[in-house]
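Ligands are counted one by one from 1 in listed order, and the atoms in each one are counted from 1 as well. The first residue in the sequence is number 1, and the count goes up from there.
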Amino acid sequence: MALQVLNLKAENYKRLRAVDITPEGNVVFIGGRNAQGKTSVLDAIWAALAGGEASRATQQPIRDGQDSAVVSLDLGDMKVTRRWTKDDSGTLIVEAADGARYSSPQKVLDQLIGARAFDPLAFTRQSARDQVATLVSTVDLPFDPDELERERKGVFDRRTEISREVAKLEGQLAGYPSADPSLPDAEESVADVLAERERARANNEMYDRATAAEKRLLAEVDELEEKLREKMSDLALLQAAALQLDQPVDLAPFDERLANIEATNARIRQQQHRVAVASELAERKGQAAQHTLALMAIEKRKADALAAVEFPVPGLSFDDSGVTYNGIPFAQASAAEQLRVSVALAMAANPTLRVLRILDGSLLDSASLETIAALAAEHEYQVWIEVVDETGGVGFVIEDGEVRS
Ligand SMILES: Nc1ncnc2c1ncn2[C@@H]1O[C@H](COP(=O)(O)OP(=O)(O)O)[C@@H](O)[C@H]1O
Ligand SMILES: [Mg+2]
């Protein structure tokens, strides 16, 4: 069911005394001088249809000095009559074509009128953020843009933290001397080296004693020729024992190591720390890369989802900064493009009640008016346009709350 306004009657609504308008064609001009009641005509249509929101916006719907106001709309398959009275909240009657009254009239109307009583020019003046909200309300998004943005920001913030740690660790690493492959992995023990040295020293002492004894014995050999046989066996034993021992060992390296051991161990510790920092750096870099991938995945998810959404106008989409048209910010589209898009959006938002209103018609040049007329004809919409006009030759001319005859 597609509805348009076939007839509008309004009495005492705002500036209006009594008007009776039967429009023809897809574009309905409401003309006249300032403050004669043009906006009141357009408001009367929306006030009759919309419930709470429209009535709250108009504090005094009844013309000054009157007790009641009434607006009747003939929508073809449906007739709407709303009455405002001074003393109560007023009445709303919605009748089907056969005259039967609906029992929940406002609910019936709520289903007819779009998510917003759409004024296309109002869309072009909305903030970038509100334009996105308007656009999103006309399509089925497979994701919640706010939630996705929160998720993206969470990952982004975490990556920023990690990157900060990466920079810190890199700075720390730069402060260490470069790696020395000749250093042992673990610190050396003073006690171990002392023990080793002691063994070597004992060996040397015994070696010295043994050689001294050998010399003495060899000297005695000449004198003690007669004792040679028994002494020879002693000697043999002694030589065998001497064979078990190492050659004399140089003690200087031990002393040198001992002299340097603290400095060396300090370098070893430093090198161990360096290895730990390098490994943490590698891990953090890996984490940062993972977060970068996660961010890219979110962007891709969003891009894929957006690519799949069917916007009411081809080329229309949105990004973080607002609505875009053919990839360019909507505010940078030409005036004609903005108008076409806004009208198409308004049509998409009001698929059943095919009535749009433009309050600032005086801002439109003839090309824009032609564009709107063409769109209205093509999609079978009725566009009510308010135009300030002093010639008295444009559309229904409103004068002092009435249609000038
Ligand atoms: N309830 C009312 N009773 C009497 N006059 C009203 C009422 N509401 C608004 N007006 C007057 O109507 C005029 C504005 O009407 P409007 O329909 O906006 O005119 P237009 O769009 O032709 O400029 C103002 O002068 C305002 O004071
Ligand atoms: Mg006006």
Exercise for review: Please lay out, stage by stage, how V5 and W384 fare under the test side-chain contact (heavy atoms from CB on, under 4.5 Å).
Suggested key: CA-CA 10 Å; V5 178; W384 294 65; 3.8 Å; yes

Between the side chains of [X] and [Y], does any donor sit under 3.5 Å from an acceptor?
| X | Y | result |
| --- | --- | --- |
| Q106 | R82 | yes |
| T264 | E188 | no |
| D365 | S368 | yes |

**Study point:** Contact bool for atom 26 (C) of ligand 1 (protein heavy atom, d < 4.0 Å)
**Key:**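 No, there is no protein heavy atom closer to it than 4.0 Å.
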
Check your understanding: Would a 4.0 Å cut-off, counted as strictly less than, catch a protein heavy atom around atom 16 (P) of ligand 1?
Key ->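 Looking at atom 16 (P) of ligand 1, one finds that a protein heavy atom does lie closer than 4.0 Å.
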
List ligand 1 atoms under 4.0 Å from [X], heavy atoms only on the residue side.
| X | answer |
| --- | --- |
| Q36 | 19 (O), 20 (P), 22 (O) |
| D64 | 2 (C), 3 (N), 4 (C) |
| R15 | 11 (C), 12 (O), 13 (C), 15 (O) |
| E386 | 21 (O) |
| I62 | 1 (N), 2 (C) |
| N34 | 23 (O) |
| S40 | 15 (O), 16 (P), 17 (O) |

At what distance is the nearest protein heavy atom to [atom], and which residue and atom is it?
| atom | value |
| --- | --- |
| atom 18 (O) of ligand 1 | T39 CB, 3.4 Å |
| atom 19 (O) of ligand 1 | G37 N, 3.2 Å |
| atom 23 (O) of ligand 1 | A35 N, 2.7 Å |
| atom 7 (C) of ligand 1 | K14 C, 3.7 Å |

**Study point:** L251 vs N204, side-chain contact (heavy atoms from CB on, under 4.5 Å): CA-CA, chis, key distance, verdict
**Key:** CA-CA 10 Å; L251 293 179; N204 291 359; 4.2 Å; yes

Review point. Has K300 got more than 12 heavy atoms of other residues, nucleotides or ligands less than 6.0 Å from its NZ?
Key: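 At most 12 heavy atoms, drawn from other residues, nucleotides or ligands, come within 6.0 Å of this atom.
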
Quick test of your reading of the model: are [X] and [Y] salt-bridged, counting only N-O distances below 4.0 Å?
| X | Y | answer |
| --- | --- | --- |
| K302 | E151 | no |
| E205 | R209 | yes |
| K9 | D74 | no |
| R150 | D146 | no |

**Study point:** Closest E386 atom to the Mg ion (ligand 2) [N, O or S only]
**Key:**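 Of the nitrogen, oxygen and sulfur atoms in E386, the Mg ion (ligand 2) lies nearest to OE2.
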
**Study point:** Sub-4.0 Å heavy-atom contact, Q66 with ligand 1
**Key:**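 Contact check Q66 vs ligand 1: negative.
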
Practice item. Give a yes/no answer: is there an N/O/S atom of T39 under 2.8 Å from the Mg ion (ligand 2)? Key: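 Checking the Mg ion (ligand 2) against T39, an N, O or S atom does fall under 2.8 Å.
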
